[in-house]
Amino acid sequence: MFFKRNGYGYFGRLAITAFAVAGMASAQDFTASEAVQASRHSKPKLFQADYGFRTSNNCVRAIPHPPSLVGIDPDTRTLLLPGEVVSQGGGGVMHFFKDGRLTVDATASEVNLSQVVPGAFPQTDGLVGTCRGSYTLSSGNRVALHFNCHVDIPSQGVSFDLGPTNAEGFISENGVAVNLNQTDDLQTVTLKLPNGATLVSERVCVQSFALTRISSNSKGTYSKASTDED
Amino acid sequence: MSFSISGCPLAGCIIALLLPAAAGVAHDRDDIVRHLQGAYGLTNHSACLRSVPHPASEVGIDPQTGQLLLPAQTIAQTGSGVMRFSRDGRVRFSGRASELDLNGIDAGDVPNIPGLTLTCSGTHTVQQGKLVLLASCTVVAPQIGASFTVPNVEAEGPISDDGSSIELTARAHVQNIQLSLPDGSSLSSERVCTQRWSLVKLP
């Protein structure tokens with residue numbers, strides 16, 4: 001039953017996290033700190049590095065519904081269907097490439113703060129997300145990320161796509177630390193059920209990311225996928 | 001004092017002179033109270049429980065016991081901007097923020113309040129590698145024509161060795177909120193929060 005707030009099946013116990021890509025280019029091989037230095041006075045340069053990260057969020061999301069319905073009005077942000085509150089946390093590695101692309105490997109867990117009655121299952125863990133997207137550097141050590149994610153929940157045999165995630169923040173002078181917050185975007189979660197059915201849920205979140213550089217040479221790979229953006 | 005100039009051996013003096021002055025605080029591991037200087041990019045994430053707005057004559061959360069005396073709502077906020085520290089101990093912040101009403105989950109609710117502007121001013125000290133911040137912050141919500149001031153924000157946390165990053169968390173206490181409405185009236189509210197600020201050094 002789609003609109004039952006408690007115990008409505010897969011999606012009520014889903015969590016969400018993730019990240020994805022599209023490219024641009026600057027062929028020079030900059031370190032993060034060199035890129036930051038260069039971004040002050042000229043066209044921003046990009047870099048190649050791996051960052052370990054942690055993230056946490058709070059979201060209000062519409063309960064899962066058929067794609068023909070709208071859960072949150074994209075213009076007014078008014079809930080048009082009942083919603084629920086979730087809090088999620090996770091982490092992983094963000095791979096930054098010198099052509100401006102970005103990939104993310106992440107794991108996450110979720111607590112559904114609306115599931116507070118006996119018999120409920122408020123926690124979902126073991127979410128595995130892969131994301132692709134892009135990043136930019138601009139003056140004032142500002143960083144912007146954009147990505148879309150695919151998330152699997154092996155224990156439940158379900159998966160979902162999430163996007164867009166747009167985040168903005170700062171990179172330290174030495175390139176070691178990056179802090180970001182998600183921007184005010186409406187996100188869409190598209191849930192794929194084991195029986196082939198698709199459900200949709202929209203959400204609004206506040207989310208923060210904290211990154212620490214763990215390698216100056218990205219170990220990640222980027223392969224063209226159907227969810228890539230051009 | 002790790003890098004005292006006076007009386008240091010030659011190698012130590014050279015190291016001290018080569019250390020980046022911009023860090024400003026990197027070596028404060030003694031009992032001397034110091035101040036930061038420079039700009040830091042800041043992001044923050046908060047989760048709060050706040051009493052519903054009420055006349056100033058009432059109290060929503062007992063400041064001594066933390067007990068709720070009026071109904072409350074749960075909110076989450078994020079913000080980002082630039083915090084500037086001065087050697088005279090002042091600190092200023094300008095940025096923007098978003099708020100999410102975690103109680104607004106019924107059809108017809110608008111749980112997200114984006115586009116808030118946030119300014120803060122206050123003082124700071126650095127002692128034994130830890131930053132202590134006391135500030136008053138004002139949040140303006142242009143779309144509803146209201147603003148609120150939190151006069152007693154208190155946070156503290158460690159500064160990295162090289163001064164490039166700072167992690168702050170709010171001290172646990174009841175924060176007072178003064179709400180200014182479009183019609184000129186004002187209301188009060190109190191809140192208790194878990195708050196985290198992450199700062200990185202800017203040029």
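Residues of residues 91-104 of chain B lying within less than 4.5 angstrom of chain A, judged on heavy atoms, are B/R96, B/S98, B/L100, B/D101, B/L102, B/G104 in numerical order.
Among the candidates B/V110, B/L199, B/T78, B/T74, the residue making the largest number of heavy-atom pairs closer than 4.5 Å to chain A is B/T78. Looking only at heavy-atom pairs under 4.5 Å with chain B, the residue among A/D73, A/N181, A/V85 that has the most is A/N181.
Taken to the nearest 0.5 Å, the CD atom of A/Q182 stands 12.0 Å off from the OG atom of B/S80. The distance from atom CG of B/D106 to atom CG of A/L79, rounded to the nearest 0.5 Å, is 8.0 Å. Distance check: A/N141 CG to B/L202 CG gives 5.0 Å after rounding to the nearest 0.5 Å. A distance of 7.5 Å separates CG of B/L42 from CZ of A/F170, quoted to the nearest 0.5 Å.
When all heavy atoms of B/S164 and A/S172 are compared, the pair lying nearest together is O-CB, 4.0 Å.
A 4.5 Å side-chain heavy-atom check between B/I105 and A/S114 finds at least one atom pair inside the cut-off. In this structure, B/P111 and A/R77 have side chains that are not in contact, with every pair of non-hydrogen atoms separated by 4.5 Å or more. In this structure, B/D109 and A/T78 have side chains that are not in contact, with every pair of non-hydrogen atoms separated by 4.5 Å or more. Looking at A/S208 and B/T43, their side chains never come closer than 4.5 Å, going by heavy atoms from C-beta outward.
Neither the backbone nor the side chain of A/S87 comes within contact range of chain B; no heavy atoms are under 4.5 Å apart. Proximity to chain A (any heavy atom under 4.5 Å) is restricted, for B/E167, to the side chain, taken from C-beta onward. Only the backbone of A/L180 comes within contact range of chain B, judged by heavy atoms closer than 4.5 Å.
Checked by atom type, the side-chain pair A/N58/B/H45 shows a donor-acceptor distance below 3.5 Å. In summary, the side chains of B/N112 and A/D184 do not present any donor paired with an acceptor at a separation below 3.5 Å, with no hydrogens or angles considered.
Not counting sequence neighbours, the partners of B/F85 by the ring pair (Phe, Tyr, Trp, His ring centres under 6.0 Å) test are B/Y40, B/H124.
The environment of B/R171 atom CZ is dense: over 12 non-hydrogen atoms of other residues, nucleotides or ligands sit within 6.0 angstrom.
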